[in-house]
K.L.:
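My questions all concern the structure below.
Quantities reported herein were computed from a predicted structural model and do not represent experimental measurements.
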Amino acid sequence: MRKNFLMTMICLCLALFAKAEATDVSQIENTIYAESMSCAAGSSFTMSVKMKNTVAMTGFQFDLELPTGVSVATDADDFYIIELSEERTTAARTNYFDNALQKDGSIRIMASSTKNFTFSGNDGEVATIKVNVANTVADGKYPIILKNIVLSDAGSNSYENERVEVTLTVGEEIPTYEEGYSVSIAPFTATSGKAYTIALNFDAKDENITDIEFDMELPSIISRTKSGRVTKAFDSANEERMYVSGTEGDHTITVNGNHVAIKAIATDEYKYIAGTSGALVNMYYTSASTLSEGIYPVRFRNVTLTDGDGNILKVAPTTSYIKVGNPTDASLEVEGYVSSDLNSALASETAITSLDMGKVTSMDGSLTIIDGRSFVAPKKNVKVKKVSYSRNMSYKWGTICLPFDIKSNKNIQYYELSRVDNVAGVMSFTPVSAVTAGTPVVFKLLSGTTANITANNAEISAGDNAWNATVNGETWVMKGTMTAKSVDPSTVDGDIYYIAEDKFWYGNMTFPVAAFRGWFEAPKSANAKNGVFSIDIDNMTTGIKYVENNDGTLDVIFDVSGKRIGMPKSGINIINGKKVIVK
């Protein structure tokens, strides 16, 4: 037995000399592998390590390599939480199980039986690893690598594979749905103790649909009406689309908890739901006797349709909401498909100050982006028939960052930073005809007092971008945000500037930035705060003249050499552009 164990360990060590090479698990017979995983940043998951084998194996070894920000969790004694799985063996049979950190940062995991017991079966879990994902890891796909893989059988024969790579998806992956279908309701306002007839709308392509199923999640402020003006909580809203009358109709409506099933019982052409859009079912609800102000989401999830050929179609979830009272600072997270009814309601809804569309996959109608309302863009580009944004302007100059492509026109001109002259105190900007979605830029309103920006057949793009400009050999960065935030200069290795009231302000303390605005970050090496900046367009200086403290004071002080100083000092000082002698 000891000889077999020593031979096994020798064979396992041969993997150290393996050459890394990507492998396809489906094409190999004996290997260690894992399946692709997903996890949110700042959380943990358990990685299931599996072995597939065509011969009985007594042991295995592999090195685990994780991406930056992803690590194996440790227990109170600082040992890795890596355990032998007993799905295919027992701890008594596989009595050697250990792990060790390697010089290259990978973790070696080894298992063997000194009694020559083999793992049962030919495929399945052999170990588990608890993995932590730091909250700094951005959403995306990352490789997890199992390398230097060696399996050993009862005869001390080794089976080597150099590398298996699997994918870790950080952040929720947005699934793909059948387009052109939706189940939804229009947003509405509720008051205490009132009965409501809520129309469930079903939109479809010009295709034959027989059955519809979905989970309806409504807030507890309303309850299903089972007596009174109706004898059941659901009924047909349009008999031309779907006739329901006891057991004599074309379809039945079954409600089990929050699950609703609309099924055809006809066998002829009447089994198909007619029409491509409009109300399908009336739902009867009553609001509670006492209601608290707020925006209450209504969601339709796990939506499936059955077509005329019996195929099951997976349809995107939808979101609506019920408004109670006059809330002033509400948030709403929208999933899946955005109906035209929801878009219309959001365009005039002042109660919602934060709108999260990160899980949106498709959209109908026109999207109105409200100035100052925090906006989380979809994780994937979403097409929209029309998108619009407007901002009332007290001044002509400003910064902007929008989630769709924009173009300069006779009313508004966009600019990108091209040069900074610290001696002359001038920032030079170049006019641009178009700006890519998510890119922050400076703009000037050429006419009127409102910046009205629209785009037809546009795409709402994911994320905010930083825009870099190399000026005088230094990299200045203009950053933008689509959500309201505070910018803390102490967290930046350099100097911060922003535009307000047609002036450049020097950010010497934390300042708020409203949604869809931007600011400048100058590298520390540029020593930019030693100049008074105006904006230069086509060799003409604009009315933006002074770098001011963002506490509202106008005491901009320089010594005779032009260096900005915080307090006056003995000698000649230049305060707000005037020479002042301090004794």
K.L.:
Testing R108, R163, K147 for salt bridge (Lys or Arg N to Asp or Glu O under 4.0 Å) with D63, which one passes?
P.N.:
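So, applying the salt bridge (Lys or Arg N to Asp or Glu O under 4.0 Å) to D63 and each of R108, R163, K147, only R108 qualifies.
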K.L.:
Taking T74 for the side chain and D78 for the main chain, is one N or O donor matched with an acceptor at less than 3.5 Å?
P.N.:
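Judged by distance alone, no pair lies under 3.5 Å.
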K.L.:
Please tell me whether R299 and N258 have a donor and an acceptor in their side chains that are separated by less than 3.5 angstrom.
P.N.:
no
K.L.:
D341: which residues meet the salt bridge (charged side-chain N to carboxylate O under 4.0 Å, His left out) condition with it, sequence neighbours left out?
P.N.:
none
K.L.:
How long is the gap from CD1 on I369 to CE on M357, to the nearest 0.5 Å?
P.N.:
8.5 Å
K.L.:
Without hydrogens or angle criteria, can the side chains of E335 and T319 be said to hold a donor-acceptor pair below 3.5 Å?
P.N.:
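Their side chains do not contain a donor-acceptor pair, so the 3.5 Å distance test is not met.
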K.L.:
Using the salt bridge (charged side-chain N to carboxylate O under 4.0 Å, His left out) criterion, which residues pair with K323? Sequence neighbours excluded.
P.N.:
E349
K.L.:
Holding to side chain to side chain donor-acceptor pair (under 3.5 Å), I want the full list of residues that pass it with Y177, two or more places apart in sequence or in another chain.
P.N.:
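Testing Y177 for side chain to side chain donor-acceptor pair (under 3.5 Å), a comparison that skips the adjacent residues, returns none.
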K.L.:
Does a salt bridge link E29 with K52, judged by any charged N lying under 4.0 Å from a carboxylate O?
P.N.:
no
K.L.:
Carefully, step by step, assess K379 and D139 under the rule salt bridge (Lys or Arg N to Asp or Glu O under 4.0 Å).
P.N.:
CA-CA 9 Å; K379 293 182 180 179; D139 288 357; 3.6 Å; yes
K.L.:
Run the ring-centre check on Y196 versus Y285 and record whether the distance is less than 6.0 Å.
P.N.:
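Distance test on ring centres: not under 6.0 Å, no.
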K.L.:
Under the criterion side-chain contact (heavy atoms from CB on, under 4.5 Å), I'd like the reasoning laid out for T128 against I82: C-alpha separation, chi angles, the key distance, then a yes or no.
P.N.:
CA-CA 6 Å; T128 60; I82 303 175; over 6 Å; no
K.L.:
Hey, could you give me each pair passing salt bridge (charged side-chain N to carboxylate O under 4.0 Å, His left out) that has a residue in residues 93-103? Not counting sequence neighbours.
P.N.:
none
K.L.:
Is it the case that K141 and T167 place a side-chain donor and acceptor less than 3.5 Å from each other?
P.N.:
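Their side chains do not contain a donor-acceptor pair, so the 3.5 Å distance test is not met.
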K.L.:
When you check the side-chain N and O atoms of T94 and T89, is any donor under 3.5 Å from an acceptor?
P.N.:
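Looking only at side-chain atoms, T89 and T94 do form a donor-acceptor pair, the distance falling under 3.5 Å.
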K.L.:
By ring pair (Phe, Tyr, Trp, His ring centres under 6.0 Å), which residues pair with Y321, not counting sequence neighbours?
P.N.:
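Result, ring pair (Phe, Tyr, Trp, His ring centres under 6.0 Å) vs Y321: none returned.
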K.L.:
Taking ring pair (Phe, Tyr, Trp, His ring centres under 6.0 Å) as the definition, give me every residue that meets it alongside F404, ordered by chain and number, with sequence neighbours left out.
P.N.:
none
K.L.:
Excluding sequence neighbours, so at least two apart, what forms ring pair (Phe, Tyr, Trp, His ring centres under 6.0 Å) with F119?
P.N.:
F60
K.L.:
List in chain and number order the residues that pass side chain to side chain donor-acceptor pair (under 3.5 Å) with S354, two or more places apart in sequence or in another chain; answer none if no residue qualifies.
P.N.:
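S354: no side chain to side chain donor-acceptor pair (under 3.5 Å) contacts found.
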K.L.:
How about NZ on K130, more than 12 heavy atoms from neighbouring residues, nucleotides or ligands closer than 6.0 Å, or not?
P.N.:
no
K.L.:
With a sphere of 6.0 Å drawn around CD of E217, does it hold more than 12 non-hydrogen atoms of other residues, nucleotides or ligands?
P.N.:
yes
K.L.:
Can you name the residues that form a side chain to side chain donor-acceptor pair (under 3.5 Å) with K314, not counting sequence neighbours?
P.N.:
none
K.L.:
With N30, which residues qualify under side chain to side chain donor-acceptor pair (under 3.5 Å), at least two apart?
P.N.:
T54
K.L.:
If you measure from CG on N148 to CD1 on I109, what distance do you get to the nearest 0.5 Å?
P.N.:
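Output value for this atom pair is 12.5 Å.
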K.L.:
Step by step, work out the side-chain hydrogen bond (donor to acceptor under 3.5 Å, both in side chains) result for S106 and E65.
P.N.:
CA-CA 5 Å; S106 63; E65 184 177 299; 5.7 Å; no
K.L.:
D371: what forms a side-chain contact (heavy atoms from CB on, under 4.5 Å) with it, not counting sequence neighbours?
P.N.:
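Residues passing side-chain contact (heavy atoms from CB on, under 4.5 Å) with D371: Y389, R391, F516, R517.
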K.L.:
Is any NZ, NE, NH1 or NH2 atom of the basic residue among K479 and E521 found under 4.0 Å from an Asp or Glu carboxylate oxygen of the other?
P.N.:
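Yes, charged N to carboxylate O under 4.0 Å.
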K.L.:
From L355 CG over to T483 OG1, what is the distance, rounded to the nearest 0.5 angstrom?
P.N.:
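Reported value, rounded in 0.5 Å steps: 12.0 Å.
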K.L.:
Any non-hydrogen side-chain atom of P403 less than 4.5 Å from a side-chain atom of S461?
P.N.:
no
K.L.:
Measuring from atom CD1 of I322 to atom CG of L291, what distance do you get when rounded to the nearest 0.5 angstrom?
P.N.:
9.5 Å
K.L.:
Y337: which residues meet the ring pair (Phe, Tyr, Trp, His ring centres under 6.0 Å) condition with it, sequence neighbours left out?
P.N.:
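Per chain and number, Y337 pairs via ring pair (Phe, Tyr, Trp, His ring centres under 6.0 Å) with no residue.
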K.L.:
With a 3.5 Å distance limit and no angle check, can you tell me whether N122 reaches the backbone of N53 through a side-chain donor-acceptor pair?
P.N.:
yes
